[in-house]
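What follows is a short report on a single structure.
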Amino acid sequence: MSQAKLAANPAAIATWQAFRDQFAKANLQERAAMLKNRADLSRRGIITTIESAGQGHIGGDLSVIDVMTTLFYGVLNINPANPTDNNRDRFILSKGHCSAALYVTLASAGFFSESELPTFMQPYSALNGHPNRNKVPGVETNTGPLGHGLPVAVGTAIAARLQGRADRTFVIMGDGEMQEGSNWEALMSASHFGLSNLTAIVDRNRLQQGARTEDTNGLDPLDEKLESFGLEVRMIDGHDFEALLKALEPSTTGKPVAIIANTLKGKGISFIEDRVEWHHKVPSTDQVRLALEELS
Amino acid sequence: MSAPTPNSYNIAGEDLPVFDNRVAFAEKLIELARKDSRIVAVVNDSVGSSNLGAFREEFPDRLINVGIAEQNMVGVGAGLANAGMIPFVCAAGPFLSGRATEQVKADVAYSQLPVILCAMSPGMAYGELGPTHHSVEDLSWMRALPGLDIIVPADEQQIRDAVEAAVANPRPMYIRVGRHKVPNTTPAGAKFERGKFVTVREGSDVSIIATGSMVSRALSAAATLAEQGVSARVLNATFIAPLDQQAIIDASTGTRAIVTVEEANVSGGLGAAVASLVATSPEAGRVPMAIIGTNDWSPTLSTDGLYEHFGLTAANIVAKAKEVLSRA
């Protein structure tokens, strides 16, 4: 454990690259099956990582992992061996509390060693409860407070255009996070500047920390709101990998893209799914065993 | 009607012309932007108040106006910096430091993304517009953020130096760009060094540590004190962070008392930083201190009227210097 920036893991990068090479040759159905398999491996990693830490945000990790897996294994133009290459696609996890999902994904792709995962939230670990770009390769900006990722993503998208680069920016927000006013400031400017290279994904699991979003500060009709702000809106099942791959394709209208990914908080584990108390509950030893059985 | 702004300031019997630092700021920024395509400006509908009209004319694509949306403005700056640009994020001080504090904390200082935050018309430059438009809390708020340089240029030369330093070595920075006119006080050839004060007058009885607009007031006070037989050292606290600890220790051992002066609230700004070091450093002398700054919501007054109201004047610096020396 150290506070220095973590180092890449060449063996994992090779495995990730082999997956990407095979993915490139596969048809849509095969691609979806490959991603499903990979996402369930990450689900196992999330559960064991949170078990060892005794802390974490398991519900949101499990709702977002299919979107994140699709991005890292099927979409993002990135190089884990050179994570600051300026020609990379940017991925920003605005819902930074789902850091376990991000760390498991980054480690699987070789940004750093999977042997670091058991240090999650341990004293002086690089793997803080919320991601830190100065310690963890692949993290673009430090998130945690909600409503920060999308404004930064607008900045990276503007920079790509100013620099004549073709790369894209992807940002994932939680749905509860859409209650933050800063997101709507950013949506206005994304639309005003015509940032077709920006894709904003809402992990629409309909639960926030304390209750259902619609019982707290209702977001619906979220699609109409986003459309009225000038975005090209794509509403999909956020656990359907074929739909995710299609939705993550570039803008067709010259507008920035908003994907409403309808998801289940805790997706994949029957006793965690869609239950508000599992926002940041930690599974017991027995529950971990049951969860891993459900995934096998 | 606002009281007319004087077009000169008197130091030691000499009427010195005064300048709006936003002019030198924009000239230097344009000069550097011609040579360096990484430089962009990000504003919140503040093209005019940030004096960036000429910048926009010459570099229309590199002037990013996000409208009245300061949280987004600072986040956009962080995103631009992520991609290797050098964003000068320009907005009136109160809205930059106040409305977007969490963005400055998380997106800039904690993320260590090299965004140059330019607090235009800081302090009480907006006079009668009142406390909502004054930025006197910023030094306290920004000081609490590790990894953020805080620069308060005192005159035209220093604002040029600050802009050059930001481009030469981009890092998270908060720079006050003064609007209320001040005379040039930086000695010819004085170095602009990160984390260093500038000695603008030598002295051996009392040290006056002043920042930004108050450097000229401190020099005027020192001249008056000299006539009364008191030798005052005047230090220009160009950097509030990193703090010039050695200059403060030297002031506490080489003179018998310290007066600090800032166009900012006394709760946590320059004076608090100096006092903290004087009280806790094993190397510092425990000299008596006075801290001059604002301490309440401002009444309806012009900037100069507010300087009088809060004692941000040469006369009050003289009085405080004599008072602290009486306790030494």
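Lettering follows sequence order; numbering is per chain, from 1.
Ranked by heavy-atom pairs shorter than 4.5 Å toward chain A, the options Gln103(B), Met85(B), Lys105(B) are led by Gln103(B). Of all the listed residues (His130(A), His148(A), Arg133(A)), the one sharing the greatest number of non-hydrogen pairs under 4.5 Å with chain B is His148(A). Comparing Val66(B), Asp107(B), Val74(B) by how many heavy-atom pairs each has under 4.5 Å with chain A, the most go to Asp107(B).
The ring pair (Phe, Tyr, Trp, His ring centres under 6.0 Å) search around Phe111(A) returns none, not counting sequence neighbours.
Scanning residues 87-98 of chain B against chain A with a 4.5 Å heavy-atom cutoff picks out nothing at all.
We find the CD-OG1 distance between Gln112(B) and Thr141(A) to be 11.5 Å, quoted to the nearest 0.5 Å. Atom CZ of Arg99(B) sits about 10.5 Å away from atom OG of Ser182(A), to the nearest 0.5 Å. Once rounded to the nearest 0.5 Å, the distance linking CD of Glu180(A) with CD of Glu102(B) reads 7.5 Å. A distance of 6.5 Å separates CD1 of Ile64(B) from CZ of Phe193(A), quoted to the nearest 0.5 Å. Atom CG of Asp61(B) and atom CD1 of Ile158(A) lie 11.5 Å apart (nearest 0.5 Å).
Side-chain atoms of Ser189(A) and Asn72(B) include a donor-acceptor pair closer than 3.5 Å.
With a 4.5 Å cut-off on side-chain heavy atoms, Asn132(A) and Tyr110(B) count as touching.
Using a 4.5 Å cut-off between heavy atoms, Arg161(A) does not touch chain B at all. For Ala153(A), no part sits under 4.5 Å from any heavy atom of chain B, backbone or side chain.
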